[in-house]
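Report on the following structure.
Convention: sequence-line order gives letters A, B, ...; per-chain numbering from 1. A quick note: this is a predicted structure, and the numbers were derived from the prediction, not measured.
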Amino acid sequence: MSDLSGLNPEQRKAAATLRGPVLILAGAGTGKTRTLTHRVAHMVSEGISPERILAVTFTNKAAREMQQRVTKQLKRLPKSLTRADGKPLKPTICTFHSLCVRILRRHIEKLGYKRNFVIYSDSEQLGVVKKVLSAIAGKDVKADARELQGLLSRLKNAGPNGNVPGNEDSLAMAGHIRRRYDSALRAANAVDFDDLLVLTLRIFNEFPEALEECRARYQYVMVDEYQDTNAAQFELMHLLSKEHRNVCVVGDDDQSIYGWRGAEISNILDMEKHYPEVKVIKLEQNYRSTRVILDAANAVIKNNPRRRPKQLWSAKGAGDLLRLEAFANEEEEARTIVDEIEFNRMAKRTPWKDHSILFRTNVQARPLETALRKAEVRYHLIGGQSFFDRREIRDFLAFMKTFINPNDDASLLRIANIPARGLSDVTMERLLGASQERDCSVWKAMKNDLVIHEFQPRARKSIEAFVALVEDFRGPLGETELSLASWADKFLDEIDYIAELRKGEKDPENAENRMRNLRDIISTMDNRGESLLPANRLGKFLDDITLDADREADKEDAGDAVTLITTHSCKGLEFPHVFLVGVEEGLLPHSRSAVEGTLDEERRLFYVAITRAMKTLTISHCLNRKKYGQNFLCHPSSFLKEIPEELCEDLDSKKEPVSVEDGKSMFAAMREGLG
DNA sequence: AATTGCTAAGTTTTT
DNA sequence: CTTAGCAATT
């Protein structure tokens with residue numbers, strides 16, 4: 001028996017109920033991860049082999065965190081759990097997508113793909129959509145590639161009989177494009193993020209023995225953030241668990257904020273439909289926030305229809321009242337908040353990192369950044385452009401994907417003329433045309449004598465040189481011993497990529513920075529899968545990187561800094577002091593939500609934001625706001641009326657004695673005194 | 001091949 | 001107001 005004494009009664013029940021379906025409704029800040037890790041440890045102490053346990057999370061970050069905590073828990077168990085080769089037995093803890101990659105690497109040949117398929121990232125996917133679109137252009141010009149990409153994704157995730165919102169025309173269009181899109185990917189031996197789920201489902205449905213194998217392996221299944229699962233993910237979980245029924249899903253319907261991305265809140269609301277015998281356990285004791293904050297959160301969320309009723313409570317005291325502030329415009333809002341943060345820091349010795357500023361849309365970050373920089377406050381902005389969207393990284397990964405699988409058209413076309421090697425747009429267009437005529441990849445067209453004899457000698461030379469380059473560097477991947485890092489370094493040297501970067505940047509400093517980014521990524525290439533062949537190791541490296549694009553970004557959170565973050569990305573985080581800005585009608589709730597009928601989801605978003613705060617919560621709105629360069633009048637959000645007045649500090653009456661000018665000089669004096 | 005200039009659009013983004 | 005994307009120009 002493992003030690004569950006550190007858990008509260010509900011948590012303990014959740015951790016101790018191992019057989020049959022369980023739904024853990026874990027409100028914000030109720031110790032969900034703690035409960036889950038104890039549950040895994042408890043299973044193992046009850047004699048269940050870790051290898052029979054599968055825990056699925058939504059982000060790699062969550063998976064890593066849980067893996068670490070579980071490992072720690074398992075070490076405490078008296079019985080040592082090691083395999084014959086001395087390695088510890090571990091449960092499988094990963095995302096849906098990485099689980100599917102593992103399954104597909106074993107079975108995808110059944111569907112006619114090759115085992116070394118590549119995974120297309122978001123931008124590569126968009127590229128293919130654009131290609132398909134331009135190929136059938138003419139009749140319908142008013143199609144936006146991005147929009148179509150989103151539609152395709154939702155179509156795939158909704159499954160064959162799911163329904164996706166959208167008008168008839170665009171759905172018909174999407175269906176048509178999907179066929180061409182899918183065959184383009186197939187021809188390149190590539191799959192996209194959604195295919196990972198969809199193809200795995202196909203394998204399970206068409207090849208029962210593959211499903212059986214998985215069922216036998218994973219006899220205990222857990223799914224975290226269950227409110228965010230889409231139809232395909234539900235299907236996957238259902239297939240794995242409907243025989244043995246040992247499935248534990250954990251989530252909070254009140255924190256479902258990704259409906260627009262295909263998440264089905266009904267999965268958590270209608271759990272009883274598929275698992276009538278499910279045991280529902282509610283975790284309602286919150287260990288994060290003060291009572292005032294929880295009362296506000298409860299009051300807001302209870303206005304949502306169709307939810308599983310919950311009432312968060314806290315053993316902490318009432319705490320500070322909420323502060324509702326109104327400002328003339330977003331600049332004053334930003335300035336005042338920065339002043340308040342500085343006041344906390346100087347008068348109360350509260351470090352920057354204890355503060356966060358939450359906003360609905362990314363553009364709202366701008367005035368905040370300006371004010372923070374002006375006051376010399378350190379901050380970090382979460383989100384924005386990802387490390388892996390940077391040109392040099394994308395180039396590099398495209399090269400690597402080409403080495404693994406030169407038939408991957410999207411990657412090959414991206415890098416064929418980088419740096420310029422005489423393969424101009426015209427040449428590449430013609431090669432692409434030839435490949436389509438022959439129903440083969442661009443690479444095969446490049447290697448086809450008949451094709452390249454159509455070209456001028458100069459272009460032909462360029463093509464041949466490129467083919468030779470790729471083949472030269474692919475060679476070593478088949479050998480048994482190879483340091484991928486030094487191999488990649490040699491390659492970048494060979495093509496003189498640094499020169500290419502210098503050409504693209506006016507400031508040589510920037511080129512150096514980009515090169516450093518590359519070295520960082522290259523230095524991790526040999527980290528995993530030591531026992532594998534170089535080609536397979538490179539494949540694993542690419543899988544990990546495409547599925548876990550934020551890994552690098554997460555690392556640089558160190559240091560004392562204020563966090564700027566959207567209300568969507570703040571889920572799962574907590575801060576002692578939270579400022580929620582721009583709580584205005586049209587922003588939160590966003591104006592589009594009225595049209596789309598997603599007011600409930602906006603309210604949940606508001607709820608998620610509120611429940612991030614541990615000690616103080618300041619909610620502000622502006623009377624005026626610049627939008628697209630013009631001033632607009634703003635009204636406070638209707639959500640604000642849902643917060644009971646007695647929970648809010650009456651700021652106006654308190655503030656009046658201190659004029660803005662006095663306040664400013666007060667802070668100035670304070671800075672003098674401490675500086 | 002690279003630069004310039006125009007146009008259009010402007011929530012959220014776990015993989 | 002910005003900014004991304006694309007066309008047209010040198």
Side-chain angles (χ1 to χ4, degrees), chain A residues 56-63 94-101 119-122 125-126 130 134 142 144-147 149-150 153-154 156-157 191-198 224-230 232-233 251 255-263 358-367 382-386 388-389 417-426 503-504 506 543-551 553-554 565-573 582 586-596 598 601-602 604-606 608-609 625-632:
Chain A
V56 188
T57 61
F58 264 78
T59 65
N60 292 289
K61 196 175 156 207
C94 63
T95 64
F96 270 111
H97 290 82
S98 50
L99 173 70
C100 288
V101 171
I119 306 165
Y120 272 8
S121 68
D122 190 60
Q125 196 184 346
L126 185 66
K130 280 181 181 163
S134 71
K142 59 153 198 162
D144 173 39
R146 262 250 110 88
E147 197 175 302
Q149 184 191 17
S153 172
R154 265 168 292 150
K156 286 193 184 190
N157 283 316
V191 303
D192 65 23
F193 281 131
D194 307 314
D195 286 338
L196 294 174
L197 305 173
V198 172
D224 195 11
E225 303 285 5
Y226 187 60
Q227 75 283 351
D228 292 333
T229 46
N230 62 33
Q233 288 158 339
Q255 294 186 70
S256 162
I257 54 175
Y258 287 104
W260 52 276
R261 257 180 135 258
L358 274 43
F359 38 81
R360 174 64 219 266
T361 68
N362 283 309
V363 280
Q364 293 174 256
R366 184 161 287 230
I382 306 219
Q385 216 210 9
S386 127
F388 293 90
D389 275 341
N417 204 32
I418 295 176
R421 53 170 70 86
L423 298 175
S424 68
D425 289 354
V426 194
K503 243 193 319 181
K506 284 172 192 144
D543 283 354
D544 285 355
I545 254 174
T546 20
L547 293 178
D548 191 5
D550 268 343
R551 191 158 39 120
D554 285 340
I565 193 168
T566 65
T567 45
H568 277 91
S569 335
C570 75
K571 192 169 67 155
L573 303 177
L587 216 45
L588 183 64
H590 196 273
S591 48
R592 285 218 182 174
S593 69
V595 197
E596 289 166 10
T598 52
E601 186 155 308
E602 296 290 307
R604 291 193 289 266
L605 200 49
F606 186 44
V608 167
R625 180 177 292 275
K626 260 205 205 85
K627 252 186 217 157
Y628 319 135
Q630 271 191 320
N631 249 347
F632 286 89

| Within the structure, does a side-chain N or O atom of N60(A) lie under 4.0 Å from either OP1 or OP2 of dT14(B)? | no
| request: Examine dT13(B): is either OP1 or OP2 under 4.0 Å from a nitrogen or oxygen in the side chain of T566(A)? Give yes or no. | output: yes
Starting at atom [atom1] of [X], determine the distance to atom [atom2] of [N], rounded to an integer number of angstrom.
X	N	atom1	atom2	result
R261(A)	dT12(B)	CZ	C1'	10 Å
K626(A)	dT2(C)	NZ	P	9 Å
I257(A)	dT12(B)	CD1	P	13 Å
N157(A)	dT13(B)	CG	P	18 Å
D544(A)	dT15(B)	CG	C1'	13 Å
R604(A)	dT12(B)	CZ	P	19 Å
D122(A)	dT13(B)	CG	P	13 Å
Q233(A)	dT14(B)	CD	C1'	10 Å

What nucleic acid atoms does [X] come within less than 4.0 Å of, heavy atoms only: base, sugar-phosphate, or nothing?
X	value
R366(A)	sugar-phosphate
Y258(A)	base
T546(A)	nothing
D194(A)	nothing

Nearest 0.5 Å, please: how far is [atom2] in [Y] from [atom1] in [X]?
X	Y	atom1	atom2	answer
Q227(A)	K571(A)	CD	NZ	4.5 Å
Q125(A)	K130(A)	CD	NZ	12.0 Å
L605(A)	Q255(A)	CG	CD	11.0 Å

| query | Just wondering, do T57(A) and E225(A) contact through their side chains at under 4.5 Å, heavy atoms? | reply | no
| task | Provide the distance between the two P atoms, one in dT13(B) and one in dA4(C), to the nearest whole Å. | result | 16 Å
| request: Considering only atom C1', compute the distance from dT12(B) to dG5(C) and round it to an integer number of Å. | output: 22 Å
| task | Would you name the heavy atoms of N60(A) and L547(A) that are closest together and state the gap between them? | result | ND2-O, 2.6 Å
| said: Between Q233(A) and D228(A), do the side chains contain a donor N or O and an acceptor N or O under 3.5 Å apart? | reply: no
Polar atom pairs between nucleotides 8-11 of chain B and protein, under 3.5 Å, N or O only, would you list them?
unit_1: dT11(B); atom_1: O4'; unit_2: H590(A); atom_2: NE2; d: 3.3
unit_1: dT11(B); atom_1: O4; unit_2: E596(A); atom_2: OE1; d: 3.0

| F58(A) has a side chain; which of dT14(B), dT15(B), dA1(B) sits nearest to it? | dT14(B)
| said: The criterion is ring-ring contact (aromatic ring centres under 6.0 Å, His included); which residues satisfy it with Y120(A), sequence neighbours excluded? | reply: none
| note | Of D228(A) and D425(A), the one whose closest nucleotide on DNA chain B sits nearer the 5' end is D425(A)
| task | Please find out if less than 6.0 Å separates the ring center of W260(A) from that of H590(A). | result | no
